[in-house]
Each structure stands twice: as structure tokens, then as C-alpha cells.
Colleague: 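If you scroll down you'll find the structure; I have some questions about it.
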Amino acid sequence: IDPTQVDPPRDLYIQDGKIIAPPADNQPTQTIDLTGHTILPGGIDMHTHLVTPAMAALRTLQEHVIPDIVCNQLIGTPTWLRDQYLKLGITTAIDAAIMPGDAPAAKLGLRELEPLNTGFLLLLSHHADLLAMINAGHMVAASQLAIKLFHNAGAMGIKLVNPGSMQTMDGPAVDVLDIDQTVQDMQATPRQVLTFFLDISDKLNLAHPVHIHLPQLGTPDSSPTTCQWLDAMSGRRAHIAHLQYHCYTYDEDWYLRSDVERVLKHLHANPQITADVGLTSFGPAYGMTADLALHDRLVELFGDEVGPTLRFQWEGRTSFGLQPLDRDPANLGYAMQWAKGLELILLVDNLNQLSLSIDYPNGGAIASYPQLIRCLMDKSYRDAILDQAHPAATQATQLKRITRQLSFDEILQLTRISPAHALGLKNKGNLHVGSDADWVIYPDSILKTGDFSQSPTRVMINGQFL
């Protein structure tokens, strides 16, 4: 099944790991009968965390300080993580934040996840030397350094986290409030920092545009900030990470209210911008971020309620925070995040602009994907969960009133076609001639049930069955 083309039952031919046109002599060296089965392109998780120092810290600490409720369901070895993806029919996963100094170790770490297809984004917005050059107005030198760092790292794209802010190792962090106002000791405005990295992406001719974690994540003022940044792209390509966290406005009754429609209006007005959603599931999760302003908010909200809050130095220049979470549906914030992510997808006009993600481990376990997909496809199922959640999820979002149920093809759009498009992976996410033979094979019954909780009958990567 490939929703980008009319796809009646047919034979597919593979040579050297690629799909090829039917050979003239029609004499393959091997034939595999898949009658009664459906071939899908392998799924793509375009925003996850696989081998960052934060993940290494979690794996190291899980036997000592991380509570059982988190580690038993959420954290495991790289091979465990690989198997979690393959069991769900996901054959490509992209680590969304690797610092330049960690790139060599990341590349070694990603090899442990083979044969899962992997790559990573290079986090440059926190690089101290680069920021110092931008602050001093030495833009040519800054450009040369950024390009050198990117080439040396071997990354597939550039990641920015709260660009224009200063990430201190000690003390509270300050979030960006306005794209044209400087923060802390920064001399350059967030808009100037954004423009610099958009220019670098253009100079490098990157297939995946700058990948941006916006300011004000999860705050009641996030939607005006989000709209300001979307419009600031001025027609230039960009990708917004975990967009649902940036769609809030203030509500006198519930503190938080969904402002999804306002954000979608600005997203639709900028069709060159893509986003991954950042859905959340109920249950254990781990807040893991280089956005220290966000981490400070998590500490203030939850403290050591579930387990110890940790902050680590990263490359001796900046820090990342770790916060264990237990996403209880009775909690207002968690219920709003779950509902608003689904609402965002169900209200969007152009699914080409959105990709499914959970920002693992922030949004929950990888194994939660099938339940979240079912929520998108089955209104009665999601309503039953909604009825058990905090009433704000019903009163402060539109989810209860939405009747839309996504089709099987629309799920394939969110999990295959859109992420491949956003990442610039032309040979993945489809079954075209010339594309990679990364397939997952299910019984034909999946066309009726849409049940991705069942593991594929077989998985193929690069033309080889696992």
C-alpha cells in the first residue's frame, strides 16, 4: 500500500536493496509469495532521542536512581530500543539533538541500533564559540565555524533549541519572550540568530531544513510566540519540533486553553514549513531537554514527585535536564497535552505539513504509538479515554466535538510520507521504483483494523528480510 499512487495488487522487484521496474525477462532469481499480505513502506520516527548523553545517563542511572515505574517500561539498551521500533514496523529513526563534540560517539552508538536506519541532527544553537561570534557580529567567521562543525559531525540537519537564549550551567535559565528582544547577555536578537542558521542551512543546501524547538514550550503564552516565529520564516523552509506543546493560551478557569486553530492558521499560511506533532501518552515518561527554561518549569511543577531531578553539564559548556514523569490522565497539564496533540492532527487541513512523533522519551514509551494511532482512527475509543481524563481536556479543547476519524492512508501519510518529505528522504516512505526496499509486511486484515499493535509478519531493510 502506497497512498502516493494507485496501488492494486502487484509484484514488486528488488535489486541491490532498491525497488526496480519489472525486468524484461521477468525471471527473478528468488520469488517470495506474499499472497494474503499487505506490504507497507517502513515507518519513520523523525524526532526521537536514541544516543544523546542524556540517554546514556538514563541507561547508566536506571538501576540506581530512576524509579521502577519509569525504567521498566521506558528505558533500555540500544538493542532493546531497536527492537521496540522494529516490532512497530518503524524502520527509520532520527536522533533530534547531538552536540558537535558528541557526534563521534553518537555515530558509534547508532551502529548498535543496526539494521534500523538512523541519523541525527546537530544541535548548534548552544555552541558557546559560535554564539560568541554571532554576538560580536563576526558573521563570516561564525558561518565558517558552523559549516565546519556540520561537515565534521556527519549530521543530516541542524537543530536549534530556544534559539537566542543563553543556556547557563548553574542558576535559572531565561526563556525567549519576543523574537526581537535580546535575552540575558546576548547581543543578537532571536530573529538574528534564527536568520543566521536559516542562511547556513541554505549554504549547505540541506534536504532537511533547520529543525526548531521553539521558546515558551508548554506555557499559557506559547501560541502568540509560535505564530510570531512561524511568520518570521518569511517564506523560508523550516521544521518545527513537537508543535502541540506550543499551542496554548491562558484560560481563567483552567489556566491552559488550546489555541490550536490559531496556530494552524499561521501554519497553513506557510506551506513551506513542516512540523512533527509530539503526541503524548498516559503513563511513564522522562522529561529530557537542553531547554533549561523548560527544565526549570518542570522542576517547579513536579520537583522529586516521581523521582530525582537531575541536571548535567554537556561538553562542559552547557547543560541538559532530566525529569522523571508519570503522566496521570487526572492531571490537568498531562490531559491537555494528550488531547491537544490529537486535536492538532484532526483539525489540520494539510497532513503533508505534519508528521507523527512522541519525542521519545518525553512523550512516553515507543510502544504507545499503536494506541495513539487508534485514537486518531476511532472517535469512540478516544472519547472513552477522554471521559476518564481531567475535565479541562474536554472543556478547554475541541477534541470531544471533533468527529473526524483518520483513514488508513492518512495514517500512512503521517508515519511515512510526511516524515520522509520533511527529512528530504526521497527514497523512503514509499514504494516507488528507485526507493529503498524498507518494508513491513502485515496480514491483509490490517487494512480493516488499522491495528498497528500487532507486530509485522516480516520486516525488510535494504532488501533483506530480518
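The shown structure was predicted, so the numbers you read here are calculated from the model rather than taken from an experiment. Position 1 is the first residue of the sequence, and the numbers go up from there.
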Colleague: Is there side-chain contact between Leu116 and Leu81, with heavy atoms separated by less than 4.5 Å?
Modeller: no
Colleague: Looking at Phe282, does the NZ or CZ of Arg327 lie under 6.0 angstrom from its six-membered ring centre and within 45 degrees of the ring axis?
Modeller: no
Colleague: Taking the side chain as C-beta and beyond, is there a heavy-atom pair between His242 and Val277 under 4.5 Å?
Modeller: no
Colleague: Can you list the steps and then say if Leu230 with Ile240 is a side-chain contact (heavy atoms from CB on, under 4.5 Å)?
Modeller: CA-CA 9 Å; Leu230 291 174; Ile240 308 301; 3.9 Å; yes
Colleague: Quick one: does any side-chain atom of Gln353 pair with a main-chain N or O of Leu267 as donor and acceptor, under 3.5 Å?
Modeller: yes
Colleague: Closest heavy-atom contact between Pro215 and Asn162?
Modeller: CB-OD1, 3.2 Å
Colleague: So, do Ile373 and Gln371 sit near enough that their side-chain heavy atoms are less than 4.5 Å apart?
Modeller: no
Colleague: So, taking the atom named CD1 in Ile212 and the one named OG1 in Thr226, what distance separates them when rounded to the nearest 0.5 Å?
Modeller: 11.0 Å
Colleague: Which residues pass the salt bridge (charged side-chain N to carboxylate O under 4.0 Å, His left out) test with Lys379, sequence neighbours left out?
Modeller: Asp383
Colleague: Crowded around Gln272 CD? As in, over 12 foreign heavy atoms under 6.0 Å?
Modeller: yes
Colleague: For Asp276 and Ser357, which I'm curious about, is there any donor-acceptor pair between the side chains at under 3.5 Å?
Modeller: yes
Colleague: Is there side-chain contact between Leu325 and Tyr334, with at least one heavy-atom pair below 4.5 Å?
Modeller: yes
Colleague: Check the surroundings of atom CG in Asp25: do more than 12 heavy atoms from other residues, nucleotides or ligands lie under 6.0 Å from it?
Modeller: yes
Colleague: Counting C-beta onward and ignoring hydrogens, is there a side-chain heavy-atom pair between Trp439 and Leu12 closer than 4.5 Å?
Modeller: yes
Colleague: Tell me the closest heavy-atom pair linking Gln388 and Pro329, and the distance in Å.
Modeller: O-CB, 4.3 Å
Colleague: When you compare the side chains of His49 and Asp359, does any donor N or O come within less than 3.5 Å of an acceptor on the partner?
Modeller: yes
Colleague: Go through Asp202 and Arg237 one step at a time and tell me if the salt bridge (Lys or Arg N to Asp or Glu O under 4.0 Å) criterion holds.
Modeller: CA-CA 9 Å; Asp202 289 345; Arg237 295 173 63 237; over 6 Å; no
Colleague: Is a donor on one side and an acceptor on the other found under 3.5 Å between the side chain of Lys159 and the backbone of Leu122?
Modeller: no
Colleague: Show your reasoning for whether side-chain contact (heavy atoms from CB on, under 4.5 Å) applies to Val176 and Trp229.
Modeller: CA-CA 11 Å; Val176 170; Trp229 280 72; 4.3 Å; yes
Colleague: Parallel, tilted or perpendicular: which describes the rings of His213 and His246, with under 30° parallel and over 60° perpendicular?
Modeller: perpendicular
Colleague: Could you please spell out the steps behind the salt bridge (Lys or Arg N to Asp or Glu O under 4.0 Å) verdict for Glu410 and Arg404?
Modeller: CA-CA 12 Å; Glu410 287 175 319; Arg404 183 181 184 184; 3.1 Å; yes
Colleague: Give a yes or no answer on whether the side chain of Thr397 reaches the backbone of Ala393 with a donor-acceptor pair at less than 3.5 Å.
Modeller: yes
Colleague: Which pair of heavy atoms, one from Ser125 and one from Leu131, lies closest together, and at what distance?
Modeller: O-CD1, 3.4 Å
Colleague: Take Leu214 and Tyr245, measure what side-chain contact (heavy atoms from CB on, under 4.5 Å) needs, and give me the verdict at the end.
Modeller: CA-CA 9 Å; Leu214 294 175; Tyr245 292 104; over 6 Å; no
Colleague: Any idea which heavy atoms bring Leu74 and Pro361 closest together, and the distance?
Modeller: CD2-CB, 4.0 Å
Colleague: Yes or no on side chain to side chain donor-acceptor pair (under 3.5 Å) for Ser143 and Lys203, after CA distance, side-chain angles and deciding distance?
Modeller: CA-CA 9 Å; Ser143 178; Lys203 289 178 182 178; 3.1 Å; yes
Colleague: If the test is side-chain contact (heavy atoms from CB on, under 4.5 Å), which one of Val161, Asp102, Ile158, Thr52 qualifies with Leu123?
Modeller: Val161
Colleague: To the closest 0.5 Å, what do you measure between OG1 (Thr195) and CE (Met233)?
Modeller: 9.0 Å
Colleague: Which heavy atom of Pro209 sits nearest to which heavy atom of Ser201, and what is that distance?
Modeller: CA-OG, 4.1 Å
Colleague: Please tell me whether Glu343 and Ser258 have a donor and an acceptor in their side chains that are separated by less than 3.5 angstrom.
Modeller: yes
Colleague: Roughly how far, to the nearest 0.5 Å, is CG of Leu206 from CG of Leu423?
Modeller: 12.0 Å
Colleague: Using 4.0 Å as the upper bound for N to carboxylate O, is an ion pair formed by Asp451 and Arg374?
Modeller: no
Colleague: So, Tyr248 and Gln216: side-chain donor and acceptor under 3.5 Å apart, yes or no?
Modeller: no
Colleague: Ignoring hydrogens and angles, tell me if any N or O in the side chain of His268 forms a donor-acceptor pair with the backbone of Leu264 under 3.5 Å.
Modeller: yes
Colleague: Return the set of residues passing salt bridge (charged side-chain N to carboxylate O under 4.0 Å, His left out) with Asp95 (not counting sequence neighbours), or none when no residue passes.
Modeller: none
Colleague: Is there a side-chain contact between Tyr442 and Gln454 in this structure, where contact means two heavy atoms from C-beta onward sitting under 4.5 Å apart?
Modeller: yes
Colleague: Tell me, with the steps shown, if Leu376 and Ile411 meet side-chain contact (heavy atoms from CB on, under 4.5 Å).
Modeller: CA-CA 8 Å; Leu376 292 168; Ile411 294 299; 4.3 Å; yes
Colleague: Backbone N or O of Phe465 within a donor-acceptor pair of the Arg458 side chain at under 3.5 Å?
Modeller: no
Colleague: If you round to the nearest 0.5 Å, how far is CE of Met377 from CG of Leu346?
Modeller: 11.5 Å
Colleague: Could you tell me whether the side chains of Asp438 and Thr91 share a donor-acceptor contact shorter than 3.5 Å?
Modeller: no
Colleague: Report yes if some heavy atom in the side chain of Asn152 is under 4.5 Å from a heavy atom in the side chain of Lys148; otherwise report no.
Modeller: yes
Colleague: Find the distance between CG (Leu406) and CG (Leu412) and round it off to the nearest 0.5 Å.
Modeller: 11.0 Å
Colleague: Between His211 and His47, does any side-chain donor sit less than 3.5 Å from a side-chain acceptor?
Modeller: yes
Colleague: Check whether the side chains of Thr92 and Tyr85 place a donor and an acceptor atom closer than 3.5 Å, and report yes or no.
Modeller: no
Colleague: Just do the side chain to side chain donor-acceptor pair (under 3.5 Å) check on Asn352 and Ser418 with the steps written out, would you?
Modeller: CA-CA 5 Å; Asn352 290 316; Ser418 290; 4.6 Å; no
Colleague: Would you check if there is a donor-acceptor pair between the side chains of Ser380 and Asp378 at a distance under 3.5 Å?
Modeller: yes
Colleague: Flag the pair Leu145 / Met133 as yes when at least one side-chain heavy-atom distance between them is below 4.5 Å, and no otherwise.
Modeller: yes
Colleague: Can you tell me how far CD of Gln244 sits from CD1 of Ile358, rounded to the nearest 0.5 angstrom?
Modeller: 12.0 Å
Colleague: If you measure only the distance, is there a donor-acceptor pair under 3.5 Å linking the side chains of Thr38 and Asp444?
Modeller: yes
Colleague: Between the side chains of Asp45 and Tyr369, does any donor sit under 3.5 Å from an acceptor?
Modeller: yes
Colleague: For the residue pair Ala422 and Met46, what are the closest heavy atoms and their distance?
Modeller: CB-CE, 3.9 Å
Colleague: Would you confirm whether Arg82, through its side chain, and Leu113, through its main-chain N or O, come within 3.5 Å as a donor-acceptor pair?
Modeller: no
Colleague: Could you go step by step and tell me if Asp199 and Arg236 meet the salt bridge (Lys or Arg N to Asp or Glu O under 4.0 Å) rule?
Modeller: CA-CA 10 Å; Asp199 290 343; Arg236 303 180 73 173; 2.7 Å; yes
